[in-house]
Amino acid sequence: MVVATGGCAEVGRIALGLGERQPETDFQAGLRRFSMLLLKVAAALTTGIFVINLLLHRPLLDALLFSLAIAVGITPQLLPAVVSTSLATGSRQLARRKVLVKRLVCIEDLGDMDVLVTDKTGTLTEGRIRFEAALDPAGTPSDTVLELGLLATEGDLDHVGGNALDSALWQATATPPAGHHRLALLPFDHDRQLGSALVERADGSRLLVAKGAPEAVLARCGDVPEAAAAVLQEHFAAGSRVVAVATRAADGQTSLTAADEYRLRLAGFLVFLDPPKAGAAASLRRLAGLGITVKICTGDNALVAQKVCADLGLPPGRALTGQDIGELDDDQLTRVAETTTVFARVSPQDKARVVRALRRRGRDIGFLGDGVNDALALHAADVGLSVDTATDVAKDAADVLLLEKDLGVLADGVTEGRRIFANTIKYVLMGTSSNFGNMFSAAGASLVLPFLPMLPSQILLNNLLYDAGQLTIPTDHVDPEQLHAPSHWDIAFIRRFMLFFGPVSSLFDFLTFAVMIEIFHTGAELFRSGWFVESLATQALVVFAIRTRRVPFYRSRPSRPLLVSAIGVVAVGVALPMSPLAGPLGFRSLPLGLVLALALMVVLYLVLIEGAKHVFYTRADAQAALPPVRHRTLRHRIQRRAGRFSHPGPLRPR
């Protein structure tokens with residue numbers, strides 16, 4: 001009997017939900033905000049420089065070209081290339097760790113993940129459900145209850161079939177119930193939480209047999225023996241999965257609908273066991289060490305899920321059922337979901353609502369599931385995780401596939417994702433601060449010098465060489481302490497970093513200008529050549545200080561490709577003014593004394609940056625140690641008195 005088609009059917013509704021636009025992930029949102037920051041800085045600096053040069057009666061074309069070159073110079077043009085290279089390199093590393101990536105951008109979100117919402121069966125448990133006992137309402141073993149359970153399985157009565165619970169029943173007894181003929185079957189669904197069958201016995205009488213979640217079956221029963229509740233709670237507390245079986249005489253009935261499932265008589269319980277997975281406790285501890293909160297979304301009973309959590313060392317906390325979720329609006333669910341560990345007896349729509357509620361708190365959410373009923377939640381999460389043995393719908397909705405349904409494999413993927421994000425942030429911090437400093441220096445020098453401090457073509461060449469050397473950043477090593485907590489875009493921190501280190505770089509540039517003009521009496525071409533070499537060397541070598549929070553920076557070892565590329569860029573910068581290309585590029589050969597002076601200035605610059613880095617991160621750590629203050633004005637007063645205006649940065653645990 002066809003009752004619904006297309007989008008009105010359950011699978012159709014899931015398919016329509018998957019057809020909606022993919023939600024913007026946390027990483028994509030951060031990248032968009034960072035782009036807007038760069039746009040505002042470039043627009044302000046370019047406009048200001050252009051207007052000032054016009055007021056100084058510089059040629060219009062020269063002022064325009066110089067301003068545009070400044071705009072290009074302050075922008076980290078290779079950010080898309082660095083991100084893409086990082087993601088491509090990371091996807092290969094993840095594949096070696098049994099993690100396959102379908103959407104590259106989700107590698108970053110995998111590392112940024114704060115909360116993992118996962119199912120229980122097969123992830124925290126062995127996933128091999130074993131039939132334990134068939135009991136009557138008083139808890140006494142009963143073969144009759146087992147026989148009734150077999151009659152209500154979704155497979156044929158002549159052979160093994162049905163879902164995992166039904167298969168476990170058939171494995172307990174390979175003999176089909178004799179003398180029974182099934183006339184109709186109403187399969188299990190998440191709304192009713194039970195399934196039922198209409199069977200005809202050998203004597204011609206007909207019987208309705210219902211089997212499903214105890215709370216759903218008991219709600220449809222008349223008189224329930226008092227001992228039944230105690231038996232049920234005992235097995236739930238032991239972590240067993242319990243299915244209730246109930247019957248009703250159905251003589252004369254030829255078809256079966258949900259409306260027929262009423263006035264049932266409790267026949268007993270079927271008890272199953274799915275023991276915790278051997279390595280699950282260690283995997284949970286590893287995820288906790290990575291700063292990831294694990295929450296359970298299961299169709300099982302809340303007590304069973306809480307018992308499994310307790311056995312594995314995961315604090316179960318309070319549980320929220322699908323019925324509870326249905327009674328909460330979105331705002332209430334957002335508040336409650338934050339402190340809830342177990343979501344039990346949930347429907348596919350409930351799972352998706354939970355994921356969306358957690359995302360509204362600004363958390364980066366991963367969802368791990370492998371069934372059709374997980375597809376909507378996989379689609380709604382920042383990063384959807386499934387396994388290669390999952391249903392086709394779940395694999396299609398997922399962003400990442402695990403070749404083993406093991407949280408340990410997932411932890412490997414998270415670590416790699418954090419390494420990739422950390423390297424991306426290195427480029428962002430270094431590019432924005434050094435570019436901002438150099439371009440601010442160029443703008444300032446253009447106000448006091450009778451000539452442009454660097455030609456537009458030289459600015460672009462400097463930027464090209466510098467960016468080319470940074471393409472090896474994706475290969476760089478990451479300090480272990482940077483992998484211990486989720487990492488997130490923090491635009492306020494990036495802005496502060498830029499405004500702190502940019503002026504430091506500019507101050508040093510102005511000192512260099514003074515040395516070249518006052519001591520070496522450089523003209524326009526020699527000045528440009530000297531500053532080109534100095535600015536390229538400082539930009540290329542400062543990566544070794546910026547790439548790590550450790551002081552001094554040589555306590556953190558860079559990768560060999562990054563080391564070679566940085567030194568290679570400096571060598572090219574020094575060689576250009578002495579090469580045949582010097583004339584066309586507007587350079588002059590540097591005298592030995594100026595080369596040695598610039599080398600000394602570069603060393604002093606790196607020492608200065610190390611000191612500034614120590615001050616910056618010391619203040620950042622002090623800010624992180626401040627107790628939370630609800631009132632913004634009061635918090636601001638505390639910060640002012642303490643002199644703490646910085647931020648621990650994008651690698652700070654949330």
Side-chain angles (χ1 to χ4, degrees), residues 14 18 23 25-26 94 97-103 106-107 109-127 164 274 276-277 279-288 290-300 305 308-309 312 314 337 340-344 346-348 350-359 363-418 486:
I14 292 175
L18 295 179
T25 67
D26 187 67
L94 288 172
R97 300 187 180 199
K98 300 181 180 180
V99 180
L100 302 182
V101 180
K102 292 175 58 183
R103 290 177 63 210
C106 286
I107 294 179
D109 288 291
L110 186 62
D112 297 348
M113 187 166 56
D114 295 292
V115 179
L116 172 66
V117 183
T118 178
D119 59 357
K120 175 176 67 69
T121 304
T123 305
L124 301 181
T125 64
E126 292 290 345
D274 185 13
K277 188 176 289 187
S283 297
L284 288 173
R285 287 194 297 271
R286 187 176 173 192
L287 288 174
L290 292 171
I292 297 175
T293 302
V294 178
K295 297 181 182 291
I296 311 301
C297 242
T298 178
D300 208 343
V308 171
C309 291
L312 295 175
L314 179 66
T340 301
T341 300
V342 174
F343 301 89
V346 289
S347 68
D350 293 334
K351 294 180 180 181
R353 278 196 69 198
V354 168
V355 170
R356 287 192 292 267
L358 291 169
R359 289 192 65 183
R363 312 295 294 275
D364 199 299
I365 308 300
F367 183 88
L368 175 60
D370 60 359
V372 175
N373 58 339
D374 297 318
L376 292 178
L378 288 167
H379 186 71
D382 285 289
V383 53
L385 303 150
S386 193
V387 292
D388 61 337
T389 57
T391 62
D392 290 340
V393 174
K395 288 192 287 188
D396 185 60
D399 305 303
V400 176
L401 293 179
L402 308 180
L403 298 185
E404 290 183 13
K405 196 172 184 181
D406 186 346
L407 294 180
V409 173
L410 177 58
D412 290 338
V414 169
T415 302
E416 182 63 22
R418 290 184 182 174

So Lys98 and Asp388, salt bridge (Lys or Arg N to Asp or Glu O under 4.0 Å) or not? Walk me through it.
CA-CA 10 Å; Lys98 300 181 180 180; Asp388 61 337; over 6 Å; no
Step-by-step side-chain contact (heavy atoms from CB on, under 4.5 Å) determination, Leu402 to Leu410
CA-CA 7 Å; Leu402 308 180; Leu410 177 58; 4.2 Å; yes
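The two residues Ala305 and Thr298 make their nearest non-hydrogen contact at CB-CG2, 3.9 Å. Summarising the geometry of Lys405 relative to Thr121, their closest heavy-atom pair is NZ-O, 3.2 Å, with the distance given to 0.1 Å. Nearest approach of Pro486 to Asp112, heavy atoms of both residues: CB-O, 3.5 Å. The shortest non-hydrogen separation linking Ala337 to Leu358 is O-CD2, 3.7 Å. Residue Asp382 comes nearest to Cys106 through the heavy atom pair O-SG, 3.8 Å, listed as atom of the first residue, atom of the second, then distance. Taking each heavy atom of Cys297 and Lys351 in turn, the nearest pair found is SG-CG, 4.0 Å.
Taken from CZ in Phe343 to CG in Asp119, the straight-line distance is 14.0 Å, to the nearest 0.5 Å. The CZ atom of Phe367 lies 9.5 Å from the CG atom of Leu376; values are rounded to the nearest 0.5 Å. Atom CE of residue Met113 and atom CD1 of residue Ile292 lie 4.0 Å apart, to the nearest 0.5 angstrom. We find the OG1-NZ distance between Thr118 and Lys295 to be 13.0 Å, quoted to the nearest 0.5 Å. In this structure, CZ on Arg418 lies 5.0 Å from CG on Leu290, to the nearest 0.5 angstrom. Distance OG/Ser283 to CG/Leu124: 9.5 Å, rounded to 0.5 Å.
Side-chain atoms of Val308 and Leu312, non-hydrogen and from C-beta on, do get closer than 4.5 Å to each other. Side-chain contact between Glu404 and Val387: absent, with no pair of heavy atoms (C-beta onward) separated by less than 4.5 Å. Two residues are said to be in side-chain contact when any heavy atoms from C-beta on lie closer than 4.5 Å; Glu416 and Ile107 fail this criterion. Side-chain contact between Leu403 and Val409 is absent, with no heavy-atom pair separated by less than 4.5 Å. Contact of the Val354 side chain with the Val346 side chain is not registered, since no non-hydrogen atoms from C-beta on lie closer than 4.5 Å. Thr389 places none of its side-chain heavy atoms less than 4.5 Å from the side chain of Asp370. Using a 4.5 Å heavy-atom threshold, the side chains of Leu110 and Leu385 count as touching.
Between the side chain of Lys120 and the main chain of Thr125, no donor-acceptor pair closer than 3.5 Å is present. Checking side-chain atoms of Asp114 against main-chain N and O of Asp364 turns up a donor-acceptor pair under 3.5 Å. Checked by atom type and distance alone, the side chain of Lys102 pairs as donor or acceptor with a backbone atom of Ala398 at under 3.5 Å. Looking only at distances, no side-chain donor or acceptor of Arg286 sits under 3.5 Å from a matching main-chain atom of Leu407. Although no hydrogens or angles enter the test, the distance criterion places a donor-acceptor pair under 3.5 Å between the side chain of Ser386 and the main chain of Gly369.
Between the side chains of Asp350 and Ser347, a donor-acceptor pair is found at a separation under 3.5 Å.
Of the candidates Leu368, Leu100, Val383, Leu378, Val400 forms a side-chain contact (heavy atoms from CB on, under 4.5 Å) with just one, namely Val383.
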